[in-house]
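Report on the following structure.
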Amino acid sequence: MTIHQSLPSVALPWLHNSDAGFASLGSDFATPTEATPLPAPHWVGCNDTLRAALALPQTLWLQPEALDLFTGNLSLAGVSSYASVYSGHQFGQWAGQLGDGRALNLGAIHTPDGLQELQLKGAGPTPYSRRGDGRAVLRSSIREFLASEAMHGLGIPTTRALCVTGSPAHVRREEVESAAVVTRVAPSFVRFGHFEHFASNGQLDALRALADHVVVAHFPALQSLQGPHRYTALLREVTHKTAELMAQWQAVGFCHGVMNTDNMSVLGLTLDYGPFQYLDGFDANHICNHSDHQGRYAYARQPQIAYWNLFCLGQALMPLIDEQAPALAALESYKEIFPAAMDQRMRDKLGLTGTHANDRTLVEDLLQALQQDRVDYTVFWRRLSVAVRESAQSKHAFAPVRDLFMHRDVFDAWCARYLERLGADKRQTIGETMLRTNPKYILRNHLGELAIRQAKAGNFAMVQDLLHVLHTPFDEHPTYEAWAGLAPEWASSIEISCSS
Ligand code: AMP
Ligand code: MG
């Protein structure tokens, strides 16, 4: 397999990139790799909001060089693109070396928000492709593009997606599909698996260099700490961020699908969107990945799995921390941070202020009622928010929420307890706040599927429209009211496999 081809290179005046980011760690980490061009590229999705935030030119989407660069058909003068090596635990087993098999890093760019790494996903094979082709198909690229931006719109930490480009080139999966490339953006793509890699190889200098890089670039408050204290503090910070992220995923009903340690970001970002799903009807045991036969990554298990993954990170950092007790203490903090974060998220969703001894039971009983009737998770919260807002004026405000349940007596009993806890005052204001907390629009599987079907037929309008709506999921979008409705019958037949 030829990996190094000489791509035409250009200096782009609008892309002030540098090797100051991850690439500065050197050749143990960043393996120079060139993209493999794709024929006849075209735009599939353009994220102009992110384009502006990165201070890239307004004319970006009109520039042929941009289309070529983000497809992997051009290289940047002066900076070599690279793939990074990492390892990881997949489905609970040590998988050994993995690495960027189809992600190609273009280096870091200077933006108003500081350095951001640019990464092309699907731009051809790398030294870490193993048996893979280094490509991504249109279907999964659209899903990743929309999902990362939906996550951002929901206020949940995530890698971002600047654009998707497509090509008629064939990619073989279960069937022949067409190729696409997603341009991802993040302050860092460092994964738990990067640490596991150097630890498992006994490359302790590299392990320390990586940890120091992450501290200096991303946790500057820890810089003054030296030796084991620094790395213990790093583990505690990652634990904290991961716990917060899990609370956010659970609260919004997001199921990642492949929480392997190589898909876990040390910055606590949602990373690597594969067979993910936002819940339609609430089911704590929902498994969104059809290859996950044991349900290891079922929705309700995610917080526990994150904790397991953090132990793998802790294990990898042990050579730098030396003693077990502080490392364990850092990890154990998860057991307090996650439940506290989760309780707070649920109180926010319910519009409750202060804390009350019975709050957790109130939430648990609600989830049980939602589970029993498989009530649509997003529609429930949205209707509840509207009901609270209207309840100051109307006696029947809760009827639309009640209608979602088959066991109405169960809902009635729960609702009476809820209203007592909520109190009678300021219902309108509380309801307004709940409407800023409980989204109206999520990237339901069937919406992604419809956008994909249209895109396969050469129409990218729905990708762009969904992007707009998902960027502002708490707002009303009357034109797109249908996208806030319940999933249609056929949605349950959509099978999302690991193939992408
Ligand atoms: P994932 O489960 O998508 O996170 O991928 C796990 C590993 O497989 C990572 O090292 C990926 O880079 C690699 N991989 C997945 N798909 C491909 C592909 N089509 N070509 C090369 N490597 C791939
Ligand atoms: Mg991955």
Side-chain angles (χ1 to χ4, degrees), residues 1-3 22 29-31 33-36 38 72 81-105 117 119-145 147-148 158-159 161 167 169-182 184 186 188-197 200 255-267 269-277 287-293 296-297 305-306 309 312-313 496-500:
M1 186 188 297
T2 311
I3 290 165
F22 184 86
F29 298 85
T31 311
T33 307
E34 284 208 327
T36 308
L38 282 169
S81 53
Y82 67 89
S84 77
V85 64
Y86 55 81
S87 297
H89 282 84
Q90 298 189 317
F91 291 91
Q93 307 288 328
W94 176 242
Q97 182 184 306
L98 302 162
D100 291 324
R102 53 171 170 171
L104 194 82
N105 300 278
E117 306 273 355
Q119 191 179 75
L120 306 183
K121 183 169 176 179
T126 77
Y128 309 110
S129 296
R130 297 174 292 152
R131 277 169 303 172
D133 56 8
R135 293 298 181 195
V137 297
L138 181 65
R139 153 180 66 82
S140 65
S141 304
I142 290 175
R143 277 171 56 83
E144 168 138 20
F145 177 67
S148 12
T158 177
T159 60
S167 158
H170 285 175
V171 176
R172 192 169 290 278
R173 295 293 180 260
E174 282 91 351
E175 51 191 64
V176 172
E177 302 188 49
S178 62
V181 179
V182 191
R184 307 200 287 193
S188 169
F189 288 97
V190 174
R191 301 152 188 266
F192 290 11
H194 280 101
F195 287 93
E196 290 180 279
H197 180 77
S200 75
C255 200
H256 181 284
V258 203
M259 287 178 68
N260 294 333
T261 57
D262 53 300
N263 289 338
M264 298 288 295
S265 147
V266 291
L267 300 193
L269 308 173
T270 312
L271 173 65
D272 278 9
Y273 293 86
F276 71 85
Q277 192 181 351
I287 304 164
C288 63
N289 180 353
H290 285 251
S291 320
D292 181 9
H293 305 296
R296 178 180 172 84
Y297 299 138
I305 290 292
N309 289 342
C312 294
L313 177 66
I496 306 294
S497 71
C498 257
S499 109
S500 55

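Both counts, for ligands and for their atoms, begin at 1 and track the order of listing.
For ligand 1, the atoms lying closer than 4.0 Å to a non-hydrogen atom of Gly132 are 18 (C), 20 (N), 21 (C). Residue contact check: Arg173 has heavy atoms under 4.0 Å from atoms 19 (N) of ligand 1. With ligand atoms numbered from 1 in the order given, ligand 1 contributes 18 (C), 19 (N), 20 (N), 21 (C) to contacts under 4.0 Å with heavy atoms of Gly134. Near Asp272, with a cut-off below 4.0 Å to any heavy atom, the atoms of ligand 1 are 4 (O). Residue contact check: Gln90 has heavy atoms under 4.0 Å from atoms 6 (C) of ligand 1. Short contacts between ligand 1 and Asn263, defined as distances under 4.0 Å to a heavy atom of the residue, involve ligand atoms 4 (O).
Atom CG of Leu271 is separated from atom CE of Met259 by 11.5 Å, given to the nearest 0.5 angstrom. Considering CD of Gln119 and OG1 of Thr159, their distance stands at 8.5 Å, rounded to 0.5 Å. Distance check, rounded to the nearest 0.5 Å: OG1 of Thr270 to NE2 of His256 gives 7.0 Å.
Side-chain contact check for Ser84 and Asp100: at least one donor-acceptor pair (N or O, by modelled atom type) lies under 3.5 Å. Residues Arg135 and Ser167 bring no donor and acceptor atom of their side chains to less than 3.5 Å of each other. There is a side-chain donor-acceptor pair under 3.5 Å between Thr158 and Tyr273.
Regarding atom 5 (O) of ligand 1, its nearest protein heavy-atom neighbour is Asp262 OD2, 4.7 Å. For atom 16 (N) of ligand 1, the nearest protein heavy atom (residue, atom name, distance) is Arg102 NE, 3.2 Å. Of the protein's non-hydrogen atoms, the one nearest atom 10 (O) of ligand 1 is Gly99 O, 2.7 Å.
Around the Mg ion (ligand 2), the angle linking Asp272 (OD2) with Asn263 (OD1) is 80°, rounded to 10 degrees.
Residue Asp100 places no N or O, backbone or side chain, under 3.5 Å from any N or O of ligand 1. For Gly101, a nitrogen or oxygen atom sits less than 3.5 Å from a nitrogen or oxygen atom of ligand 1, counting backbone and side chain alike.
Between Asn260 and His89 the shortest heavy-atom distance is CB-O, 3.2 Å. The two atoms that bring Val258 and Tyr297 nearest to each other are CA-CD1, 3.8 Å, heavy atoms only.
For atom 20 (N) of ligand 1, a protein heavy-atom neighbour is found at a distance under 4.0 Å.
The option from Arg130, Arg172, Arg191 that lies nearest to atom 13 (C) of ligand 1, judged by heavy atoms, is Arg130.
Between Tyr82 and Phe22, the ring-plane angle classifies as parallel under the 30° and 60° cut-offs.
For the pair Gly274 and ligand 1, no heavy-atom separation below 4.0 Å is found. Judged by the shortest distance from any of its heavy atoms, Tyr86 lies inside the 4.0 Å radius around the atoms of ligand 1.
Of the possible polar contacts, none joining the Thr36 side chain to the Gly124 backbone as a donor-acceptor pair under 3.5 Å is found.
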